[in-house]
Amino acid sequence: MADKEMIEEKIGEALGLEKAAQKGVEELESRGLLKPEHMKKLGKMKEEASKQEQQMEEWVQQLAESDGLDSEKIESTAEETAEKVSKIMETYLGEDPDTQEALEFLCLAEGGEVTHYEVLASIAKEVSNKKFGTTVRTILKEEQGHLQLCTKLAKTNAATE
Ligand SMILES: [Fe+2]
């Protein structure tokens, strides 16, 4: 059974990944690695990520009250995770990054989000409010859509370069 500490950690990581995915899109765009045709679709993905982040933040407050979760611990895990992901991004992009690598990094980030929401879905039953699981499963579906979108963009870019 997942304990409180595990739930706090997993929510924090999911939140951190949300933050990092949005920041990643912003940064890759400002570095000229994403083309306008990519941004048309990724802009929508980023908006959705921002909504998901908001939803999760609301749950952190609710679960702090109902289940005694430590919201400060969750927030610090989120920050730590977001920092780790931005380091991973730099490592992945390397010295002379191109559009293909930028799109593939986004696949990596979205893949991480899918996995984390899968894990959260598997432990969501441990919290008292059952609606939390419903939110997590809804976000998981959206994340699967994000991963599919990024994969499609990466495949199309590779085929047309
Ligand atoms: Fe996402």
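Remember, predicted model here, so these are calculated numbers, not experimental data. Just so you know, residue 1 is the first one in the sequence shown, and it goes up from there.
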Under 4.5 Å between any side-chain heavy atoms of [X] and [Y], yes or no?
X	Y	result
E110	V114	no
C150	L42	yes
M39	V25	yes
I139	M56	yes
M89	E27	yes

Are [X] and [Y] connected in the hydrophobic side-chain network, where two residues link if heavy atoms are under 4.5 Å apart?
X	Y	value
L153	L147	no
I123	I74	yes
L17	L106	yes
M45	L28	yes
V136	L15	yes

Backbone of [Y] reached by a side-chain donor or acceptor of [X] within 3.5 Å:
X	Y	value
H116	E113	no
K130	V127	yes
D67	S128	yes

Interatomic spacing from [atom1] in [X] to [atom2] in [Y] - rounded to 0.5 Å:
X	Y	atom1	atom2	value
D70	L63	CG	CG	12.5 Å
K4	I7	NZ	CD1	9.5 Å
M6	L120	CE	CG	10.5 Å

Please name the pair of heavy atoms, one in [X] and one in [Y], separated by the smallest distance, quoted to 0.1 Å.
X	Y	answer
Q22	S50	OE1-CB, 3.3 Å
A124	G133	CB-CA, 3.7 Å
S71	Q61	CB-NE2, 4.4 Å

Contacts under 3.5 angstrom, residues 93-105 side chains, donor-acceptor by atom type, not counting sequence neighbours:
{"unit_1": "D98", "atom_1": "OD1", "unit_2": "Q100", "atom_2": "N", "d": "3.3"}
{"unit_1": "D98", "atom_1": "OD1", "unit_2": "E101", "atom_2": "N", "d": "2.9"}
{"unit_1": "T99", "atom_1": "OG1", "unit_2": "L33", "atom_2": "O", "d": "2.9"}
{"unit_1": "Q100", "atom_1": "OE1", "unit_2": "N157", "atom_2": "ND2", "d": "2.7"}
{"unit_1": "Q100", "atom_1": "OE1", "unit_2": "A158", "atom_2": "N", "d": "3.2"}
{"unit_1": "Q100", "atom_1": "NE2", "unit_2": "E104", "atom_2": "OE2", "d": "2.8"}
{"unit_1": "Q100", "atom_1": "NE2", "unit_2": "A154", "atom_2": "O", "d": "3.1"}
{"unit_1": "E101", "atom_1": "OE1", "unit_2": "D98", "atom_2": "N", "d": "3.1"}
{"unit_1": "E104", "atom_1": "OE1", "unit_2": "Y92", "atom_2": "OH", "d": "3.2"}

For this session: Not counting sequence neighbours, list each pair that qualifies as a side-chain hydrogen bond (donor to acceptor under 3.5 Å, both in side chains) and has a residue in residues 72-83.
Result: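 Residue pairs passing side-chain hydrogen bond (donor to acceptor under 3.5 Å, both in side chains), neighbours aside: E8-K73.
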Exercise. Quick one: salt bridge (charged side-chain N to carboxylate O under 4.0 Å, His left out) pairs with a partner in residues 36-52, sequence neighbours left out?
Worked result: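 Salt bridge (charged side-chain N to carboxylate O under 4.0 Å, His left out) check on residues 36-52 returns E26-K46.
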Exercise. Applying salt bridge (charged side-chain N to carboxylate O under 4.0 Å, His left out), which residue pairs with at least one partner in residues 54-65 are found, sequence neighbours left out?
Worked result: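 Passing the test, one end in residues 54-65: K19-E57.
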For this session: Provide the full list of ring-ring contact (aromatic ring centres under 6.0 Å, His included) pairs with a residue in residues 9-29, sequence neighbours left out, each pair given once.
Result: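 Found none.
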Problem set entry | Sequence neighbours excluded, every pair satisfying ring-ring contact (aromatic ring centres under 6.0 Å, His included) that has a member inside residues 129-152 |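 The answer is W59-F132.
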For this session: Would you indicate whether K23, at its atom NZ, is surrounded by more than 12 heavy atoms from other residues, nucleotides or ligands within a distance under 6.0 Å?
Result: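 Open: at most 12 neighbouring heavy atoms sit under 6.0 Å from NZ of K23.
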Exercise. Do we see a donor-acceptor contact under 3.5 Å between the side chains of Y117 and E18?
Worked result: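 Judged by distance alone, the side chains do pair up.
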